[in-house]
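Quick caveat, the model's predicted, so the values are computed rather than measured.
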Amino acid sequence: MSVLDELQDQVQGAARNVGPAVVGIGTRRALGSGVVVAGGKVLTNAHNVRGDEIAVTFADGREAIGRPEGVDVDGDIAVLSVDTGDVAPIEWAPSATPEPGTPVVALSNPGGRGLRVTFGLVSGTQRTFRGPRGRRITGSIEHTAPLLPGSSGGPVVDRDGHLLGLNTNRLGEGFYLAIPADEVLRTRVDSLSRGESPHRRRLGVGVAPAHVARGLRRAVGLPEADGLLVRQVEDGSPAAAAGLQEGDLIVEVAGGAINDFDALTDAIESARTGALELRVLRGTDERMLSVTLEE
């Protein structure tokens, strides 16, 4: 058997054996994919979940309404409860730590527009990207299987059709990142399937990075300073209750300098109590604000 024959068998085998478990998520304005991981349960990306009722389209064209059972926004995964009928769940790979060069097949069903199956190779591991709210997601698998928009939430599988990862983040130039289907993900999926959504401490702000903050302050005649510029404050958030305002520059949290978003999230997560002291610049005025964090 030639290499091309083996490749054809692998791709066609994935389409035949795994394809029925790959579903479309959403409608025209918000396309995504997902995969059946258990009876009545579909795994997808959190950024595909909008609202309490999500359109789910199966490979045979059947449509159903799914409801979020558990959502991890910062980890960008979600489990939907939906009538999966007689669809066989995908099988997890015994090990989700493939080496670079490992052949993989990626599958998707963007918004229910039909199954797509492509071939590629693992091009890297332990990659990092940002989740929907800017937090780091580490340990991802990078692969070269090309995917259409709306493919996030679909599976990437090994030659036996076992789940290696959940396609999540497009890098451009034909590369994709997938959250590895390791024991950590299985534990998280089990928790989400039970309705146990994680809750992390957060300020409730949107910020611009330090280099943008310096440029914007310079443009309006303010002295340059290192910090994160507050671009948005959520109503009812801990930041709003503390009096943080759009245009404030966060320069210190708990006495430590803040130069990037990771430093801010690390300070929030490592706080021993539910309160943080922030030093901010409002124009040229320095202010100290006390933020009570949600536990």
Just distance, no hydrogens or angles: give the donor-acceptor pairs under 3.5 Å from side chains in residues 54-66, sequence neighbours left out.
residue, atom, partner, partner atom, Å
Asp60, OD1, Arg62, N, 3.0
Arg62, NH1, Asp83, O, 3.2
Arg62, NH2, Asp83, O, 2.8

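- Scored by the side chain to side chain donor-acceptor pair (under 3.5 Å) test, Arg116 finds no partners at all (sequence neighbours excluded).
- By the side-chain contact (heavy atoms from CB on, under 4.5 Å) test, Asp74 is found to be paired with Asp72, Arg133, Arg135, Arg200, residues two or more places apart in sequence or in another chain being considered.
- With Asp248 as the partner, the salt bridge (charged side-chain N to carboxylate O under 4.0 Å, His left out) test is satisfied by one option alone out of Arg231, Arg287, Arg282, Arg217: Arg282.
- Thr125 and Pro98 get closest at one heavy-atom pair: CG2-O, 3.3 Å.
- Shown are Ile90, Val117, Val104, Asn17; of these, the side-chain contact (heavy atoms from CB on, under 4.5 Å) with Val157 is made only by Ile90.
- Applying the side chain to side chain donor-acceptor pair (under 3.5 Å) rule to Glu286 yields the partners Arg279; only residues at least two apart in sequence or on another chain are considered.
- Asp182 places no side-chain N or O within 3.5 Å of a backbone atom of Arg186 that could act as its donor or acceptor partner.
- The side-chain heavy atoms of Gln126 and Thr138, taken from C-beta on, include no pair separated by under 4.5 Å.
- Gly153 and Thr44 get closest at one heavy-atom pair: CA-OG1, 3.9 Å.
- Applying the side-chain contact (heavy atoms from CB on, under 4.5 Å) criterion to Thr187, with sequence neighbours excluded, gives no partner residue.
- For Glu91, the side-chain contact (heavy atoms from CB on, under 4.5 Å) test picks out His162, with sequence neighbours left out.
- Glu224 CD: more than 12 foreign heavy atoms inside a 6.0 Å radius.
- Val73 and Leu177 end up in different hydrophobic clusters when Ile, Leu, Val, Met, Phe, Trp and Tyr side chains are linked at under 4.5 Å.
- Hydrophobic clustering (ILVMFWY, side-chain heavy atoms < 4.5 Å, transitive): Leu276 and Val207 are in one cluster.
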Before you tell me yes or no, could you show the steps for Thr144 and Phe175 under side-chain contact (heavy atoms from CB on, under 4.5 Å), namely the whole-Å CA-CA distance, both residues' side-chain angles and the distance that decides it to 0.1 Å? CA-CA 5 Å; Thr144 63; Phe175 290 81; 3.4 Å; yes

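- Although no hydrogens or angles enter the test, the distance criterion places a donor-acceptor pair under 3.5 Å between the side chain of Asp76 and the main chain of Ala46.
- Contact record, Ala213 with Gly227: CB-O, 3.8 Å, taken as the closest heavy-atom pair.
- The CG atom of Leu43 lies 4.5 Å from the CG atom of Leu166; values are rounded to the nearest 0.5 Å.
- Sequence neighbours left out, not one pair with a member in residues 154-163 passes salt bridge (charged side-chain N to carboxylate O under 4.0 Å, His left out).
- Cluster partners of Leu216 are Val212, Leu229, Leu249, Val251, Leu281, counting Ile, Leu, Val, Met, Phe, Trp and Tyr whose side-chain heavy atoms approach within less than 4.5 Å, directly or via other members.
- In terms of the side chain to side chain donor-acceptor pair (under 3.5 Å) criterion, residue partners of Arg67 (sequence neighbours excluded) are, by chain and number, Glu53.
- For the salt bridge (charged side-chain N to carboxylate O under 4.0 Å, His left out) condition, the pairs that include at least one residue of residues 257-267, sequence neighbours left out, are Arg130-Asp262, Arg136-Asp262, Arg136-Asp266.
- Checked against Val230 for a side-chain contact (heavy atoms from CB on, under 4.5 Å), the options Val280, Leu244, Leu203 give a single hit: Leu244.
- In this structure, CG on Leu148 lies 10.0 Å from CG on Leu31, to the nearest 0.5 angstrom.
- Contact of the Pro209 side chain with the Phe261 side chain is not registered, since no non-hydrogen atoms from C-beta on lie closer than 4.5 Å.
- Residues Val35 and Pro155 form a side-chain contact, since some pair of their non-hydrogen atoms from C-beta on lies under 4.5 Å apart.
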Residue pair Ser237, Val205: steps toward the side-chain contact (heavy atoms from CB on, under 4.5 Å) verdict: CA-CA 8 Å; Ser237 67; Val205 295; 5.6 Å; no

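- A pairwise comparison of heavy atoms in Ala178 and Val156 identifies CB-CG1, 3.8 Å as the closest pair.
- Atom CG of Asn259 sits about 7.5 Å away from atom CG of Leu228, to the nearest 0.5 Å.
- Pairing each heavy atom of Ala93 with each of Leu164, the nearest pair is CB-CD2, 3.9 Å.
- Val105 and Ile179 fall within the same hydrophobic cluster, where Ile, Leu, Val, Met, Phe, Trp and Tyr residues are linked whenever their side-chain heavy atoms come under 4.5 Å apart, directly or through other members.
- Expressed to the nearest 0.5 Å, how far CD1 of Ile137 lies from CZ of Phe129 amounts to 4.0 Å.
- Remark: Leu289 CG to Ile250 CD1 distance equals 9.0 Å, nearest 0.5 Å.
- Once rounded to the nearest 0.5 Å, the distance linking CD of Glu69 with CG of Leu192 reads 9.5 Å.
- Remark: Thr168 pairs with Asn45 by the side chain to side chain donor-acceptor pair (under 3.5 Å) rule, at least two apart or across chains.
- Using modelled atom types, one side-chain atom of Arg170 and one backbone atom of Leu147 make a donor-acceptor pair closer than 3.5 Å.
- Counting heavy atoms from C-beta outward, Pro103 and Leu121 have side chains that approach closer than 4.5 Å.
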List the steps, then state whether side-chain hydrogen bond (donor to acceptor under 3.5 Å, both in side chains) holds for Ser33 with Ser108. CA-CA 6 Å; Ser33 300; Ser108 65; 4.5 Å; no

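- Hydrophobic clustering of Ile, Leu, Val, Met, Phe, Trp and Tyr side chains at less than 4.5 Å, counting indirect connections, keeps Val37 apart from Val71.
- Taking the side-chain contact (heavy atoms from CB on, under 4.5 Å) definition, one finds that Glu277 meets it with Met288, Ser290, sequence neighbours left out.
- Residues Val49 and Ala78 approach most closely at CG2-CB, 3.7 Å, considering heavy atoms.
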